[in-house]
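In what follows, chains carry the letters A, B, and so on, assigned in the order in which the sequence lines appear, proteins first and then strands, with residues in each chain numbered from 1. Model, not experiment: these values are computed from the prediction.
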Protein chains: 2
Amino acid sequence: MTDKKRSKNTIRDVALDAGVSIATVSRVVNKLGTVSKETEERVQRSIDRMGFRLNAFGRGLSTARSYTIGVMIPSLSNPVFADAVSGITQEASKAGYNVMIAATDYQHAAEISTVSTFLERQIDGMILTVADPMHSDALDMLEGAQAPYALIYNQVSKSDRVTVTVDNVAAGDAVARCFHAQGHRVMAMISGSFAESDRAIARRDGFVTGIAALGLPAPVIHEVGFVNLDIEPVLQSLFENQDTAPTALFCSNDLLAISVISGLERRGLRVPDDVSVMGFDGIAIGTHLHPTLATVIQPSKRMGEVAAQCLLCRIKGEGGMQSTLLPFTLRLGESTGRACKQLPADLQTPHKSVHRRPAQ
Amino acid sequence: MTDKKRSKNTIRDVALDAGVSIATVSRVVNKLGTVSKETEERVQRSIDRMGFRLNAFGRGLSTARSYTIGVMIPSLSNPVFADAVSGITQEASKAGYNVMIAATDYQHAAEISTVSTFLERQIDGMILTVADPMHSDALDMLEGAQAPYALIYNQVSKSDRVTVTVDNVAAGDAVARCFHAQGHRVMAMISGSFAESDRAIARRDGFVTGIAALGLPAPVIHEVGFVNLDIEPVLQSLFENQDTAPTALFCSNDLLAISVISGLERRGLRVPDDVSVMGFDGIAIGTHLHPTLATVIQPSKRMGEVAAQCLLCRIKGEGGMQSTLLPFTLRLGESTGRACKQLPADLQTPHKSVHRRPAQ
DNA sequence: ACTAAGAATGTAAACGGTTACAGCATGGCT
DNA sequence: AGCCATGCTGTAACCGTTTACATTCTTAGT
């Protein structure tokens, strides 16, 4: 344990120490080619004694593989992404790959610069969520560089870009039907900025067409920023007119839903008695809230795993990649309930009772 | 946009295309040394046209710097770590560094193998949380390799290992005093496994000595695993004997506290009326729970930022590193309250009233 | 005993950059 | 005119691996 660190510790030093050529050391380290038992042991002893470790730069330079995959997501603070990353790192490390990570914080410019540095660093592939997968400079760059990648969370229709996600349109539709089945007739949606989230768009589309298919009036849609979600004015606008106020609110993600519920309670509206709220994502904490959060569960960690496996297959040349839609699940938490419950006196109008018939 | 990708795209190709030497291209790319205006423009045009990007392997091999820092944490699913990572990636990327990430899932063996691969990959430094910073093979290895690192969350007493955290002992003490001030006399702690968390140990120590200093009987301490926290038997044991049941519970982290609250309610115990619960970490979601979670807030993201800044300074050779204790804050959420409130009839005994005097 | 196959090992050329050093103009000084 | 400083550019060594190929040595088959 004395001079373990002193010497330069390259493969050459080990070779010298063990009295063999560098090729032999390389063979021992990589367990490749043929090396006699005795030589192998001697080399291994030198390696251990010197604390030698292969230099990934040298190796990467000659093999042109980094055994690194890049991951780019909007934010690490949202558990939905953290869970996916967790699944990715798990699968990657199983396969001997490391993970490089970057968050865009929903900044468009960050996407392109991140992809650029990841390419410089010779990542073998990339898993990412972009703002808009149909018109993305970042993806263009990735494709230009012939770097394999898999999208995650992104919704890709009519494009051969590969993604792992749930069917957000169907999910939006399911939410509409669920609300309808609970007797709701006036619904609305509060969503994260569509410009930063194609999946929010998909969820809205499913929700809107679902509502239309049910023969109900089109819902009011409100957008809020992802970074500092400013709920108050939205709630103000939604609930100032008692005649048009919704009884059911679909929020494009759980974090938003949680803020919305707080906001509603702050205004004296009870959830779900006055307003039902449904989130999207299925973050773990949702089940511990009161009321427990109704939501559309995406299997986030699993999505990360699948994306990683899929990408790794592709990297290893074991066949191409295909988009995967994982099943989502509606969780009927306590934040939704049947419509037509008692409204606070000041919000009650004769109109309401006309709109709200008992559920089918 | 036709052949942007075809050619081999090394610095040599660019040099050839621009009619200069590779040294000149290198100068242009790195904005180093002197290059005439015209040459620079010509080279830049070649670079743009060919879509050339420096190869980090080649560069790293000659400079022996990777501009990468490694981050190793127990888990990404716990927001407290995700927030810290978020702070780290933010600061790192500001400084032109990338972040490699790995989660140990509280597995001891993963620590050493992660550090080992990070060293192979020539990370410039590392930020990590280990199970036991005083006896850590991983840290020994890091020091043996002369790799700069900063701990985060870890509590390091009498050791020159550098860490960024809060004073967990003082925090534990503060919790004891807080409970005491609320009139609690019988307290207990439920903690994540001490073998995997030195900070849990520190929190316990502060809690225990604090309680002793207040002249109260020593609290019962229970350990649960980090992975599948099995709360039920612990609550069973804590509350089966009405005479010794605590009125205040300190949980070593918020996720645990949240589970504990659920468990208590499942047993028909009201929080905080029957039992007060205090967590630790200050995860964002805590304020949206009902009751809102009382907790010790650590500035997690800030801790990540500070650790990163500190490490980067060291990497750049701008002076050494020092441990930093950031201030914690007690948040008195609704999950704690004054002791002596009404117990459910079946849990009520004459004894209790003896133990519980009104608060000072 | 001779040969061919196969095992064990070594040699040296990549891989794609950085950078010390050298070389060549140019221009301003004495 | 001679000199030096300065600006610009090129040459080539080096960074630490992998790996195709060459070489040497065994060993089994005839």
Side-chain angles (χ1 to χ4, degrees), chain A residues 5 7-44 46-47 50-68 96 116-117 119-124 145, chain B residues 5 7-44 46-47 50-68 96 117-124 145:
Chain A
K5 52 203 82 159
S7 49
K8 289 240 328 294
N9 260 5
T10 74
I11 203 172
R12 245 167 285 269
D13 302 316
V14 175
L16 199 66
D17 184 86
V20 297
S21 74
I22 58 172
T24 298
V25 177
S26 177
R27 287 186 195 103
V28 172
V29 175
N30 297 299
K31 304 193 202 313
L32 245 140
T34 63
V35 180
S36 75
K37 200 79 187 153
E38 312 91 69
T39 310
E40 181 183 340
E41 281 170 5
R42 188 151 36 92
V43 170
Q44 192 58 57
S46 290
I47 289 176
M50 307 173 68
F52 167 74
R53 237 183 304 274
L54 271 182
N55 180 318
F57 287 147
R59 169 194 279 243
L61 199 48
S62 39
T63 60
R65 318 244 323 43
S66 63
Y67 289 93
T68 298
S116 187
T117 57
L119 287 174
E120 267 190 19
R121 280 149 191 282
Q122 308 296 114
I123 48 145
D124 291 337
Chain B
K5 52 202 80 162
S7 48
K8 288 240 330 296
N9 259 4
T10 74
I11 201 172
R12 250 163 280 269
D13 302 315
V14 175
L16 199 66
D17 185 84
V20 298
S21 74
I22 58 172
T24 298
V25 178
S26 177
R27 287 187 195 103
V28 171
V29 175
N30 298 297
K31 305 192 201 314
L32 244 136
T34 63
V35 179
S36 74
K37 200 78 186 155
E38 313 90 72
T39 309
E40 180 183 340
E41 280 169 6
R42 187 152 35 92
V43 170
Q44 192 58 57
S46 291
I47 289 175
M50 306 174 70
F52 167 75
R53 235 183 305 273
L54 271 182
N55 179 318
F57 288 147
R59 169 194 278 242
L61 201 47
S62 37
T63 60
R65 317 245 323 44
S66 62
Y67 289 94
T68 298
T117 57
F118 277 5
L119 286 174
E120 264 189 22
R121 279 149 191 283
Q122 309 296 113
I123 49 145
D124 290 338

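Partners of B:R27 according to the side chain to side chain contact (heavy atoms under 4.5 Å, CB included) rule, which considers only residues two or more places apart in sequence or in another chain, are B:A23, B:T24, B:V35. Among residues two or more places apart in sequence or in another chain, the side-chain hydrogen bond (donor to acceptor under 3.5 Å, both in side chains) test is passed with B:Q44 by B:D48.
From A:L61, atom CG reaches atom CZ of B:R59 across 14.0 Å, with rounding to the nearest 0.5 Å. For the atom pair CG of A:L16 and CD1 of A:I22, the computed distance is 11.5 Å after rounding to the nearest 0.5 Å. Separation of atoms CD1 (B:I123) and OG1 (B:T117) is listed at 9.0 Å; rounding is to 0.5 Å. To the nearest 0.5 angstrom, A:E120 atom CD is 5.5 Å from B:L54 atom CG. How far CD of B:E40 is from OG1 of B:T34: 11.0 Å, rounded to the nearest 0.5 Å. In this structure, OG on A:S46 lies 12.0 Å from CD on A:E41, to the nearest 0.5 angstrom.
Mapping B:A23 and B:N55 onto DNA chain C via the closest heavy atom, the residue that lands nearer the 5' end is B:N55. Nearest-nucleotide mapping onto DNA chain D: of B:E38 and A:I22, the residue sitting toward the 5' end is B:E38. A residue-by-residue look at A:T24 and A:R12 shows that A:T24 has its nearest nucleotide of DNA chain C further toward the 5' end.
Within a heavy-atom distance below 4.0 Å of DNA chain C, the residues of residues 57-65 of chain B found are B:G58, B:R59, B:L61, B:S62, B:T63. Taking every heavy atom of residues 25-37 of chain B and every atom of DNA chain C, pairs under 4.0 Å involve B:S26, B:N30, by number.
Listed here is the closest heavy atom pair of A:S66 and A:Q122: OG-O, 2.7 Å.
Taking 4.5 Å as the limit, some side-chain heavy atom of B:V29 sits within range of a side-chain heavy atom of B:F52. A:V28 is not listed as a side-chain neighbour of A:V25, based on a closest heavy-atom distance of 4.5 Å or more.
The backbone N or O of A:A56 lies less than 3.5 Å from no partner atom in the side chain of B:R121, so there is not a single donor-acceptor pair. With hydrogens and angles disregarded, no donor-acceptor distance shorter than 3.5 Å links the side chain of A:R53 to the backbone of A:N9.
Here the range on DNA chain D touched by chain B, meaning any atom under 4.0 Å from one of its heavy atoms, is D:dC8 to D:dG16. Nucleotides of DNA chain C lying under 4.0 Å from heavy atoms of chain A occupy a range whose first and last members, 5' to 3', are C:dA8 to C:dG16.
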